[in-house]
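Written below as structure tokens is the structure these notes are about.
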Amino acid sequence: MEKLHVAEFETRHGQMRCASTERGLAYVHLPRAGGRGLDGWLRLHAPETQPVVAWEPNRVAIAQITEFLEGKRPCFDLPLDLRATPFQRLVYDALLEIPYGETRTYADIARCIGHPKAVRAVGAANGSNPIPLVIPCHRVVAAGGKLGGFGGGLPMKKQLLVMEHAKPLAGNLL
């Protein structure tokens, strides 16, 4: 049975949790995040996996996430165990191409992946991102530059974009 190593850690935004397998980081839970959480992710993507509390397998991921949240790291260098549909993978690959300090709209991402009419589906995939921050879904904003949604809440999304000195789009709330 595969093991999922789970560790909780404190950040300036609140308590977070990350989980990894031997292949890499698989899940990050943001403070104040709603949704299905780790239990829901396990049911959908790893039903045969046994979660175990383990700090050491997550040490590098925790260090990089903490550095990122402190504004000391613009990008991540972590192996990922990304469990997603083919469409979600297209979206996540596009998100990984958004440079630090820049934003894209959901429509930009839809066009980028070759599905220009799939704006809502891009939003749904963005909202299902199991590895936020590392896969920078916070850099995606709604049409007109409004913040849109974010699993950690809009105040955290705004703080992240301000920290990155994100270039505002027209009408952006930053």
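Just so it is clear, the values below take in all heavy atoms, side chains as well, and ignore hydrogens, waters and symmetry mates. Only a predicted model underlies this, so the values are computations on that prediction, with no experimental measurement involved.
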If you link I, L, V, M, F, W and Y whenever their side-chain heavy atoms are under 4.5 Å apart, who else ends up in the same group as Val53?
none

Apply the hydrophobic cluster definition, ILVMFWY joined by side-chain contacts under 4.5 Å directly or through others, and give me every member besides Val6.
Leu4, Tyr27, Leu38, Trp41, Leu42

In the hydrophobic clustering (ILVMFWY, side-chain contacts below 4.5 Å, transitive), which residues join Met1, or is it alone?
none

Can you list the other members of the hydrophobic cluster that holds Val52, where links are side-chain heavy atoms under 4.5 angstrom apart?
none

With sequence neighbours excluded, tell me which residues meet salt bridge (Lys or Arg N to Asp or Glu O under 4.0 Å) with Glu22.
none

For Arg83, all residues meeting salt bridge (Lys or Arg N to Asp or Glu O under 4.0 Å), sequence neighbours excluded
Glu2, Asp81

Contacts of Glu56 that satisfy salt bridge (Lys or Arg N to Asp or Glu O under 4.0 Å) - sequence neighbours left out
Arg59

In short, salt bridge (charged side-chain N to carboxylate O under 4.0 Å, His left out) pairs touching residues 60-70 with sequence neighbours left out are Glu67-Arg73, Glu70-Lys72

What pairs with Phe87 under ring pair (Phe, Tyr, Trp, His ring centres under 6.0 Å), at least two apart in sequence or on another chain?
His115

Pair listing, salt bridge (charged side-chain N to carboxylate O under 4.0 Å, His left out) test, anchored in residues 116-131, at least two apart
none

Pairs satisfying side chain to side chain donor-acceptor pair (under 3.5 Å), at least one member in residues 89-100, at least two apart:
none

Listed once per pair and sorted, the side chain to side chain donor-acceptor pair (under 3.5 Å) pairs that draw on residues 125-139, sequence neighbours left out:
His138-Glu164, Arg139-Glu164

